[in-house]
Amino acid sequence: MKKVKKVVLIGASGFVGSAILNEALNRDFEVTAVVRHPEKIKIENENLKVVKADVSSLNEVAEVCKGADAVISAFNPGWSNPNIYDETIKVYLTIVDGIKKAGINRFLMVGGAGSLFIAPGLRLMDSGEVPENILPGVKALGEFYLNFLNKEKKVDWVFFSPTADMRPGVRTGRYRLSKNDMIIDIVGNNHISVEDYAAAMIDELEHPKHHQERFTIVY
């Protein structure tokens, strides 16, 4: 298997994206950080290239992805965006098409927890437990995975669902993975630090264990 060295990171300045950026650079990956506002990236690193691009444009996505070994996306149109549902699905369809156009095979996506099962036949996003103000964004990620990404056969993709409770914390490097069911720790919590989520994402980038499937994480 070809060793991954060059990775494109879409949404590198956001909450999750910035953690993934730090983790990737700390492991000496060559990272092209694709952002809407380059000034938000304060890191200086010889392995970092910051690019301003509109990822709703097929051609711009394809151009920034050319030559990469893999693409990670942490794109989010903004939780306060009134059009978050439509924009999330539309842009992610464009990102996948742009990756194909650039000839990239490996795609890792920062997913949501909404499509995880919390009981037999019951997904979190349909449980009534998700706050109304973030439900459109949660459903957009979940339905993109269920209705579109699941049918994608030409790209080696993964949809990496975080826990329902992901916050800033410390990087321990200790975590457990599962597939479609929300998992809880020994005291009944479902949480992870964003730093450990990022570590697990880059672990998957370096040593792929999941292919055309979703997986999730907990401490």
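Count residues from 1 along the sequence.
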Item to complete: Examine distances only and state if a side-chain atom of Ser13 and a backbone atom of Lys40 form a donor-acceptor pair shorter than 3.5 Å.
Response: no
Item to complete: Tell me, yes or no, whether the heavy-atom count around Lys5 atom NZ, taken from other residues, nucleotides or ligands under 6.0 Å, exceeds 12.
Response: yes
Worksheet, complete the sentence: What one should report as the nearest heavy-atom pair of Ala164 and Met182 is CB-CE, 4.0 Å
Worksheet, complete the sentence: All heavy atoms of Gly67 vs all of Ile104, minimum pair found to be N-CD1, 4.4 Å
Worksheet entry | Short N-O contact, Lys6 and Asp69, less than 4.0 angstrom | no
Worksheet entry | Centroid-centroid distance, Tyr92 to Phe148, less than 6.0 Å | no
Discussion item. So Arg106 and His211, do their side chains get closer than 4.5 Å, heavy atoms only?
Written reply: yes
Fill in: CA sep, side-chain torsions, deciding dist, call: Phe159, Phe215, ring-ring contact (aromatic ring centres under 6.0 Å, His included)
CA-CA 7 Å; Phe159 184 92; Phe215 65 108; 9.6 Å; no
Worksheet entry | Val61 with Val50, same ILVMFWY side-chain cluster at under 4.5 Å | no
Discussion item. Check for me, please, whether Val110 and Ile41 land in the same ILVMFWY cluster - side-chain distances under 4.5 Å, paths through other members count.
Written reply: yes
Worksheet item: If two hydrophobic side chains count as joined below 4.5 Å and joins carry through other members, does Leu93 share a cluster with Val71?
Response: yes
Worksheet entry | Closest non-hydrogen atom pair between Leu141 and Gly111, with its separation | CD1-C, 4.2 Å
Discussion item. One pair to check against side chain to side chain contact (heavy atoms under 4.5 Å, CB included): Val55 and Thr94. What are the steps and the verdict?
Written reply: CA-CA 7 Å; Val55 291; Thr94 301; over 6 Å; no
Discussion item. Using the rule given for side chain to side chain contact (heavy atoms under 4.5 Å, CB included), can you reason through Ile95 versus Ile10, listing the C-alpha separation, both sets of side-chain angles and the distance that settles it, and then say yes or no?
Written reply: CA-CA 9 Å; Ile95 288 172; Ile10 296 171; 4.0 Å; yes
Discussion item. Does Glu39, at its CD atom, have more than 12 non-hydrogen atoms belonging to other residues, nucleotides or ligands within less than 6.0 Å?
Written reply: yes
Practice prompt. Decide whether Ser115 and Arg123 meet the rule of one side-chain donor and one side-chain acceptor closer than 3.5 Å.
Written response: no
Worksheet item: Is a side-chain N or O of Gln212 found less than 3.5 angstrom from the main chain of Asn150, in a donor-acceptor match?
Response: no
Worksheet item: Got Lys209 and Glu204 here, is their nearest side-chain heavy-atom distance under 4.5 Å?
Response: yes
Worksheet item: Out of curiosity, Lys66 NZ to Ile99 CD1, how far, rounded to the nearest 0.5 Å?
Response: 14.5 Å
Worksheet entry | Main-chain N/O of Leu124 paired with Glu129 side-chain donor or acceptor, under 3.5 Å | no
Discussion item. Return the CE to CD1 distance between Met201 and Ile20, rounded to the nearest 0.5 Å.
Written reply: 4.5 Å
Item to complete: Indicate whether the side chain of Glu87 and that of Asn81 have a donor and an acceptor atom separated by less than 3.5 Å.
Response: yes
Discussion item. So which atom in Ala74 and which in Gly11 form the shortest heavy-atom distance, rounded to 0.1 Å?
Written reply: CB-O, 3.9 Å
Worksheet item: Between CG of Leu205 and CZ of Phe29, what distance do you get to the nearest 0.5 Å?
Response: 4.5 Å
Worksheet item: Taking the six-membered ring for Trp, is the centroid-to-centroid distance between Phe160 and Tyr197 below 6.0 Å?
Response: yes
Item to complete: Enter the distance from Arg214:CZ to Ser161:OG here, rounded to the nearest 0.5 Å.
Response: 4.0 Å
Worksheet item: Do the side-chain N and O atoms of Asp54 and Ser56 include a donor-acceptor pair separated by under 3.5 angstrom?
Response: yes
Practice prompt. Quick one: closest heavy-atom pair of Ile84 and Pro77, and the distance?
Written response: CG1-CG, 3.6 Å
Worksheet item: Do the non-hydrogen side-chain atoms of Asp156 and Phe107 ever get within less than 4.5 Å of each other?
Response: no
Worksheet item: Does a side-chain N-to-carboxylate-O contact under 4.0 Å join Lys100 and Glu152?
Response: yes
Worksheet item: Between Tyr145 and Trp157, what is the ring plane arrangement, given parallel below 30°, perpendicular above 60°, and tilted in between?
Response: perpendicular
Discussion item. Can you confirm whether more than 12 heavy atoms, excluding those of Arg27, are under 6.0 Å from its CZ atom?
Written reply: yes
Worksheet item: Can you check whether Asn22's main-chain N or O pairs, donor with acceptor, with Asn26's side chain at less than 3.5 Å?
Response: yes
Item to complete: Indicate whether any N or O donor in one side chain lies under 3.5 Å from an N or O acceptor in the other, for Lys154 and Asn105.
Response: no
Worksheet item: Any side-chain heavy atom of Pro131 sitting closer than 4.5 Å to one from Ile134?
Response: yes
Worksheet item: After noting the C-alpha distance and the side-chain angles of Glu213 and Lys179, does the key distance pass the salt bridge (Lys or Arg N to Asp or Glu O under 4.0 Å) rule?
Response: CA-CA 8 Å; Glu213 63 181 350; Lys179 291 288 182 72; 3.2 Å; yes
Item to complete: Could you tell me the separation between the CG atom of Leu25 and the CG atom of Asn45, rounded to the nearest 0.5 Å?
Response: 4.5 Å
Worksheet entry | Passing candidate, side chain to side chain contact (heavy atoms under 4.5 Å, CB included) with Leu9, options Leu108, Leu48, Ile72 | Ile72
Discussion item. Against Val31, only a single residue in Asn47, Val8, Leu21 fulfils side chain to side chain contact (heavy atoms under 4.5 Å, CB included); can you say which?
Written reply: Leu21
Worksheet item: Are any of the side-chain nitrogens in Arg171 or Glu23 under 4.0 Å away from the carboxylate oxygens of its partner?
Response: yes
Fill in: Shared hydrophobic cluster, Phe75 / Val138 (ILVMFWY, side-chain heavy atoms < 4.5 Å)
yes
Worksheet item: Under a 4.5 Å side-chain heavy-atom rule over Ile, Leu, Val, Met, Phe, Trp and Tyr, are Val130 and Leu122 clustered together?
Response: yes
Item to complete: First locate atom CG of Asp196, then atom NE2 of His191, and finally report the distance between them rounded to the nearest 0.5 Å.
Response: 9.5 Å
Discussion item. If only side-chain N and O atoms count, and only distance matters, is there a donor-acceptor pair under 3.5 Å linking Tyr219 with Thr163?
Written reply: no
Practice prompt. Cation-pi check, Lys139 to Tyr85: give yes when NZ or CZ is under 6.0 Å from the six-membered ring centre and within 45° of the ring axis, no otherwise.
Written response: no
Worksheet, complete the sentence: Of all heavy-atom pairs linking Met125 and Gly142, the shortest is SD-CA, 4.1 Å
